[in-house]
Amino acid sequence: MRVILIGPPGAGKGTQATWLKERLGVPHLSTGDMLRAAVQQGTELGRQADGYMRRGELVPDDLVIRMAVERIGQADCGNGFLLDGFPRTRAQAEALDVALQAAGTAIDVVLLIEVPDELIIDRITGRVQDPETGTIYHLRFNPPPPEVAPRVVQRKDDTEQACRARLDKYHSETAPIVPFYRDKGLLRTVDGVGSPDEVSRRLLAALG
Ligand code: ADP
Ligand code: ADP
């Protein structure tokens with residue numbers, strides 16, 4: 001199954017993807033994770049992406065499209081994938097369609113997780129991750145256990161300022177791709193407010 005997760009920063013895409021990928025039996029492709037790995041490894045792509053990411057701006061389409069299309073073409077994506085954080089612009093959505101068409105496939109479903117802006121800043125500024133397991137926690141809503149707490153790290157772009165910039169970009173660049181998928185009949189909208197378990201149940205129901 002080829003699934004896209006869309007939602008504002010902090011909607012819970014990464015949190016939900018950890019069980020959803022198991023359930024669907026497909027790899028979880030997070031373009032944010034891929035770009036952070038490139039930055040950490042100091043590759044040419046990472047060097048180009050770093051500044052945009054720190055400021056909460058979008059990395060230019062040509063770079064992200066090349067990276068995502070290449071990843072989708074790898075063998076483990078033969079039975080599908082769970083895309084998280086891509087596409088984020090109209091140009092990316094169109095490029096993805098073209099690449100899938102060329103491969104004789106298409107997106108099956110687009111899951112939109114909706115969370116109002118006023119909840120986003122709290123979610124993002126409290127987000128931390130266990131660098132050993134990759135598990136995402138929240139300092140207040142889902143605190144790491146005592147043995148994990150000393151080693152958790154916060155993302156450089158999870159400041160209030162960068163978060164507001166990302167939220168603006170979400171509304172100006174990413175929200176406009178929602179009608180693109182609605183018109184194709186692929187869109188299923190899920191309320192992202194409530195406990196992570198509640199949101200999981202809604203996603204399952206939306207998947208049918
Ligand atoms: P979040 O989890 O807050 O939604 P991500 O981890 O998906 O954030 O993305 C972090 C940053 O990586 C973004 O702010 C942006 O700079 C860059 N990025 C990730 N995916 C894309 C994309 N599809 N297009 C452009 N930039 C992207
Ligand atoms: P995204 O990948 O969409 O940016 P994350 O899954 O990283 O979002 O979640 C952002 C933050 O919000 C994390 O700290 C996570 O623990 C927390 N979070 C995720 N889902 C919920 C929820 N349903 N209620 C409260 N906090 C949540």
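Remember, it's 1-based here, ligands and their atoms both numbered in the order they're listed. By convention here, the first residue in the shown sequence is residue 1. Because the structure is a prediction, the values reported are computed rather than measured.
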* Asked: If you measure every N/O of Pro8 against every N/O of ligand 1, is any gap under 3.5 Å?
  -> no
* To do: Write out the residue and atom name of the closest protein heavy atom to atom 27 (C) of ligand 1, then the distance separating them to 0.1 Å.
  => Leu35 CD1, 3.9 Å
* Asked: At what distance is the nearest protein heavy atom to atom 23 (N) of ligand 2, and which residue and atom is it?
  -> Gly194 O, 2.8 Å
* Asked: Short list, please: which atoms of ligand 2 are under 4.0 Å from a heavy atom of Pro196?
  -> 21 (C), 22 (C), 23 (N)
* For Tyr52, look at atom OH and say whether over 12 heavy atoms of other residues, nucleotides or ligands are found less than 6.0 Å away. => no
* To do: Look at Asp50 together with Arg54 and state whether they make a salt bridge at an N to O cut-off of under 4.0 Å.
  => yes
* Only heavy atoms count here, so choose which of Glu57, Met34, Met67, Arg88 is nearest to atom 21 (C) of ligand 1. => Arg88
* Structure fact -> Candidates Arg155, Arg123, Gln129, Arg166; heavy atom nearest atom 22 (C) of ligand 2 found on Arg123
* Value rounded to 0.5 Å, distance of CG in Asp84 from CD in Gln16 -> 11.0 Å
* Asked: What protein heavy atom sits nearest atom 26 (N) of ligand 2, and how far away is it?
  -> Phe141 CD1, 3.5 Å
* **CD1-CG distance between Ile124 and Leu119, expressed to the nearest 0.5 angstrom** => 12.0 Å
* Polar atom proximity, Gly10 to ligand 2 (N or O, under 3.5 Å) -> yes
* Quick one: are Leu207 and Arg23 in side-chain contact, heavy atoms under 4.5 Å? -> no
* **Salt bridge flag under 4.0 Å for residues Glu44 and Arg47** => yes
* Note: Arg66-Glu70 ion pair, threshold 4.0 Å (strictly below) -> no
* Which residue supplies the protein heavy atom nearest to atom 8 (O) of ligand 2, what is that atom called, and how far is it? -> Gly12 N, 3.1 Å
* Structure fact -> among protein heavy atoms, the one nearest atom 24 (N) of ligand 1 is Gln92 NE2, 2.9 Å
* Do Glu173 side-chain atoms and Lys169 backbone N/O form a donor-acceptor pair below 3.5 Å? -> no
* Kindly indicate whether the side chain of Tyr181, heavy atoms from C-beta on, has any atom under 4.5 Å from the side chain of Ile6. => yes
* Please could you name the atoms of ligand 1 that Arg36 approaches to less than 4.0 Å, counting only its heavy atoms? => 6 (O), 10 (C)
* To do: Only heavy atoms count here, so choose which of Pro9, Gly126, Cys163, Gly14 is nearest to atom 2 (O) of ligand 2.
  => Gly14
* Who's the nearest protein heavy-atom neighbour of atom 12 (O) of ligand 1, and how far? -> Met53 CE, 3.4 Å
* Location of contacts on Lys169 toward ligand 1, heavy atoms closer than 4.0 Å -> neither
* To do: Return yes or no for this condition: an N or O of Thr15 is under 3.5 Å from an N or O of ligand 2.
  => yes
* Asked: Say you draw a straight line from CZ of Phe81 to CZ of Arg2; how long is it, rounded to the nearest 0.5 Å?
  -> 6.0 Å
* Inspect the contact between Asp61 and Arg90 and indicate whether a charged nitrogen and a carboxylate oxygen are less than 4.0 angstrom apart. => no
* **Geometric N/O contact Ala11 with ligand 2, under 3.5 angstrom** => yes
* Pair Asp33-His28, side-chain donor/acceptor within less than 3.5 Å -> no
* Structure fact -> shortest atom 20 (N) of ligand 1-to-protein heavy-atom contact is with Thr31 OG1, 2.8 Å
* Counting from 1, what ligand 2 atoms have a heavy atom of His138 closer than 4.0 Å? -> 14 (O), 16 (O)
* **Residue part near ligand 1, for Val64, under 4.0 Å between non-hydrogen atoms** => side chain
* Residue portion contacting ligand 2 (non-hydrogen atoms closer than 4.0 Å) for Ser195 -> backbone
* Asked: If we only count N/O pairs under 3.5 Å, is Asp84 in contact with ligand 2?
  -> no
* To do: Would you check whether Val128 has a nitrogen or oxygen atom less than 3.5 angstrom from a nitrogen or oxygen atom of ligand 2?
  => no
* Is a side-chain N or O of Thr31 found less than 3.5 angstrom from the main chain of Gly85, in a donor-acceptor match? -> yes
* So does Asp76 pair up with Arg71, basic N to acidic O under 4.0 Å? -> yes
* Closest protein heavy atom to atom 7 (O) of ligand 2, given as residue, atom name and distance to 0.1 Å -> Arg127 NH1, 2.6 Å
* **Identity and separation of the nearest protein heavy atom to atom 14 (O) of ligand 2** => Tyr137 O, 2.8 Å
* To do: Look only at interatomic distance and state if Ile136 has a nitrogen or oxygen under 3.5 Å from any nitrogen or oxygen of ligand 2.
  => no
* Arg188 (side chain) donor-acceptor with Gly208 (main chain) under 3.5 angstrom -> no
* **Distance-only N or O hit between ligand 1 and Lys13, under 3.5 Å** => yes
